[in-house]
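So the structure is just underneath, and the comments pick up after that.
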Amino acid sequence: MCGIVGIVGYSNVNQTLYDALTVLQHRGQDAAGIVTCDNSKLYLRKNNGMVRDVFRSSHMQRLVGNMGIGHVRYPTAGSSSSAEAQPFYVNSPYGITLAHNGNLTNALEIGEDLFKSDLRHINTNSDSEVLLNIFAHELQVLGKLKPSEEDIFTAVSAVHHRCRGAYGVVAMITGYGIVGFRDPHGIRPVCFGERQTEKGTEYMIASESVALQAMGFQLVRDIEPGEAVYISQDGQLFTRQCAATPKHSPCIFEHVYLARPDSIMDGISVYKARLRMGDKLADKIKRVWPDHDIDVVVPIPDTSRTSALQLANTLGVKYREGFIKNRYIGRTFIMPGQSERKKSVRQKLNAIELEFQGKNVLLVDDSIVRGTTCSQIIQMARDAGANKVYFASAAPAVRYPNVYGIDMPSAEELIAHDSTVEEIQEKIGADWLVYQDLQDLIDTAREGNPDIEEFDCSVFNGKYVTGDIDEDYLNQLEQRRNDMAKSGKTENVDEEAIDLHNPQ
């Protein structure tokens, strides 16, 4: 669930990259990084922390150049170390930097192969560094002094052949241009856009269209599954399908929670998809509990607001803002460690008692993952005087871990794993619990783009679209993802903006 951005312009792009990363901050709050290219010289700044904390005026002044890439990160395994902040850099060939959103499911296997066959050393536990070295190696074996767009597309094709899993990528080739590409299933989102200037057309690649829009770029389209988009340093655009058998299977959880509602993703308005989630959920409540006694619908801010409002309208029940959010507390989903998540809930939300006192309240959230947060919020509603507290999830029950770049914990940490709805209801302390049906969720997204035949719904149904996930892999993933690993001490190396000079 990282955020990526790349820009080729006609003047310094540092400020635009910074601003775009702040728009994408919801995709990762653990670390941020920017690298720019001025002629044949790279300037890099990255470190742990929010975008506003990582970049100071002194850093921004040194990030010169008319093209660059940026990244916001949250960790999917292990400790949140600044050594794994992106973009990553490799000097051969040409000098390549790369930022990545997603997860390679065969990273360990190809990491070993990189050393044995390609003689390349991997210095971190990040699969993004693996991906960078594969791309670099496949360019190097072509043996060209100056890479053409055909060479770059050939290298991307080789990446698709060697890598499995989910990946949305921006990479910068020093002195030549920026390439963006997407895995053959299109699991993680990437789009590109353009804006017209007096000097010519500038291009931008980003995880979400909202970053383009906020920077004054016009969305051209999403990068297709398996496709690569190359923008040369002088502003020429080239595109090519680089996968042999692409199949569009985007992650449906982007529409449930991850993406901003003002984004257009794979041709689907995230906002409208969430409105339809509210409609479908209201229809289910009418069907299974036609004589309900719900007095008021209250969203758990912020992601569930859109669905909750539409649910209330469809049910004909009052909608009220019952919780006020402290906007200076980060998203609890992203926080590395269960103790931090628990501590932050009451700091993050405060109940307005008059909206709860003596009422039967339906709380609406986008999803239920571990269940600890919603159980605390239910107790807050009771403490505020609610008569009964019902709970609705705009998504189906999350029963399986995610392997494609979202930090869904091991199966044992998921409250819905091997539990019935009634058992979950008791665990979270609700008087009644209702989940969205999976087919209804799929329909809410597909209505926005009927051409998408399949969505990745693996966290709900355990079906992994890449077809390479077995019990052994999930067991290994569980060992890397346990909260004990995430609560360990993190490195805090302050990486000042450094020059990575590669003469040609």
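Because only heavy atoms are used, hydrogens play no part in the values below, and waters and symmetry mates are left out as well, while side chains stay in.
With respect to Lys247 and Glu453, no salt bridge is recorded, no charged nitrogen being found less than 4.0 Å from a carboxylate O. For the pair Arg120 and Asp118, the salt-bridge criterion is not met [side-chain N within less than 4.0 Å of a carboxylate O]. Salt-bridge annotation for Glu227 and Arg221: present, with a side-chain N of the basic residue lying under 4.0 Å from a carboxylate O of the acidic one. A salt bridge links Asp113 to Arg162: at least one charged side-chain nitrogen sits closer than 4.0 Å to a carboxylate oxygen. The residues Asp302 and Lys325 are annotated as salt-bridged, a charged nitrogen and a carboxylate oxygen being separated by less than 4.0 angstrom. Under a 4.0 Å N-O distance rule, the pair Glu84/Arg73 qualifies as a salt bridge.
The number of heavy atoms from other shown groups lying within 6.0 Å of CD (Glu454) is above 12. At most 12 heavy atoms of other shown residues, nucleotides or ligands fall within 6.0 angstrom of atom CG in Asn125. Heavy atoms from other residues, nucleotides or ligands lying under 6.0 Å from OH of Tyr10 number more than 12. The local environment of CD in Gln196 is crowded, with over 12 non-hydrogen atoms from other residues, nucleotides or ligands closer than 6.0 Å.
Residues Leu139 and Ile173 approach most closely at CD1-CD1, 4.0 Å, considering heavy atoms. Between Ala259 and Met265 the shortest heavy-atom distance is CB-CE, 3.5 Å. Nearest heavy-atom pair, Gly193 versus Leu212, reported as atom, atom and distance to 0.1 Å: N-CD1, 3.8 Å. Here the closest non-hydrogen pair linking Gln86 and Ala99 is OE1-CA, 3.3 Å. Nearest heavy-atom pair across Val190 and Val169 is CG2-N, 4.3 Å. For Lys46 against Gly33, the heavy-atom pair with the smallest separation is CB-CA, 3.6 Å.
With Asn103 contributing its side chain and Tyr404 its backbone, the two residues share no donor-acceptor pair below 3.5 Å. No donor-acceptor pair under 3.5 Å is formed between the side chain of Glu208 and the backbone N or O of Leu24. Remark: side-chain polar atoms of Arg274 are paired, donor with acceptor, to backbone N or O of His255 under 3.5 angstrom. Under a 3.5 Å cut-off, the side chain of Gln61 and the backbone N or O of Leu63 do not form any donor-acceptor pair. Listed for the Thr97 side chain is no donor-acceptor partner under 3.5 Å among the backbone atoms of Tyr89. For the pair Ser207 (side chain) and Ile4 (backbone), a donor-acceptor distance under 3.5 Å is present. With hydrogens and angles disregarded, no donor-acceptor distance shorter than 3.5 Å links the side chain of Asp127 to the backbone of Ala107. Checked by atom type and distance alone, the side chain of Gln241 pairs as donor or acceptor with a backbone atom of Pro225 at under 3.5 Å. The backbone N or O of Cys251 sits nowhere less than 3.5 Å from a side-chain atom of Arg188 that would complete a donor-acceptor pair. Of the possible polar contacts, none joining the Asn449 side chain to the Ile268 backbone as a donor-acceptor pair under 3.5 Å is found.
Side chains of Asp472 and Gln476: no donor on one and acceptor on the other come within 3.5 Å. With 3.5 Å as the limit, one finds no donor-acceptor pair spanning the side chains of Ser263 and Tyr271. Side-chain contact of Glu194 with Thr201: a donor-acceptor pair under 3.5 Å is absent, judged by distance alone. Between the side chains of Tyr43 and His59, no donor-acceptor pair is found at a separation under 3.5 Å. Remark: the Asp266 side chain and the His248 side chain contain an N/O donor-acceptor pair separated by less than 3.5 Å. Side-chain N/O atoms of Asp151 and Thr154 include no donor and acceptor closer than 3.5 Å.
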- Determine, step by step, whether Leu17 and Ile7 satisfy the side-chain contact (heavy atoms from CB on, under 4.5 Å) criterion, reporting the C-alpha distance in whole Å, the side-chain angles of both residues, the deciding distance to 0.1 Å, and the verdict. CA-CA 7 Å; Leu17 286 168; Ile7 301 173; 3.8 Å; yes

- Query: For Val459 and Met408, what are the C-alpha separation, side-chain angles and deciding distance, and is it a side-chain contact (heavy atoms from CB on, under 4.5 Å)?
  - Reply: CA-CA 8 Å; Val459 297; Met408 295 292 190; 3.9 Å; yes

- Task: Go through Asp30 and Asn48 one step at a time and tell me if the side-chain contact (heavy atoms from CB on, under 4.5 Å) criterion holds.
- Result: CA-CA 6 Å; Asp30 181 67; Asn48 279 1; 4.3 Å; yes

- Item | Test log, rule side-chain contact (heavy atoms from CB on, under 4.5 Å), inputs Phe455 and Ser249 | CA-CA 5 Å; Phe455 288 89; Ser249 308; over 6 Å; no

- Query: Are Glu129 and Asn123 close enough, and set up right, to give a side chain to side chain donor-acceptor pair (under 3.5 Å), and what steps lead you there?
  - Reply: CA-CA 8 Å; Glu129 190 185 10; Asn123 195 50; 5.6 Å; no

- Item | Step-by-step side chain to side chain donor-acceptor pair (under 3.5 Å) determination, Gln140 to Ser92 | CA-CA 7 Å; Gln140 188 164 4; Ser92 179; 3.3 Å; yes

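Note: Tyr230 and Phe238 have parallel aromatic rings, judged against thresholds of 30 and 60 degrees for the angle between ring planes.
Using a 4.5 Å cut-off on side-chain heavy atoms (C-beta onward), Tyr203 and Met67 make no contact. Between Val130 and Leu104, some side-chain heavy-atom pair lies under the 4.5 Å cut-off. Looking at heavy atoms from C-beta onward, Glu112 lies out of side-chain contact with Leu108 at the 4.5 angstrom threshold. Side-chain contact between Leu219 and Ser209: present, with at least one pair of heavy atoms (C-beta onward) separated by less than 4.5 Å. Proximity of Arg164 to Thr105: side-chain heavy atoms (C-beta onward) are separated by under 4.5 Å at one or more points. Looking at Val179 and Val170, their side chains never come closer than 4.5 Å, going by heavy atoms from C-beta outward. Under the 4.5 Å side-chain criterion, counting only non-hydrogen atoms from C-beta, Ile223 is in contact with Ile205. Leu131 is listed as a side-chain neighbour of Cys163, based on a closest heavy-atom distance under 4.5 Å.
Taking the six-membered ring for Trp and the full ring otherwise, the centers of Tyr400 and Phe460 sit at least 6.0 Å from each other.
Here Asn14 contributes atom CG and Asn66 contributes atom CG; the two are 11.0 Å apart, rounded to the nearest 0.5 Å. Once rounded to the nearest 0.5 Å, the distance linking CD1 of Ile96 with CG of Leu132 reads 6.5 Å. Remark: His100 NE2 to Leu98 CG distance equals 8.0 Å, nearest 0.5 Å. Put simply, CG on Asn133 and CG on Leu114 are 5.5 Å apart, with the number rounded to the nearest 0.5 Å. Remark: Phe253 CZ to Ser458 OG distance equals 10.5 Å, nearest 0.5 Å. Expressed to the nearest 0.5 Å, how far NE2 of His185 lies from CG of Asp456 amounts to 9.5 Å.
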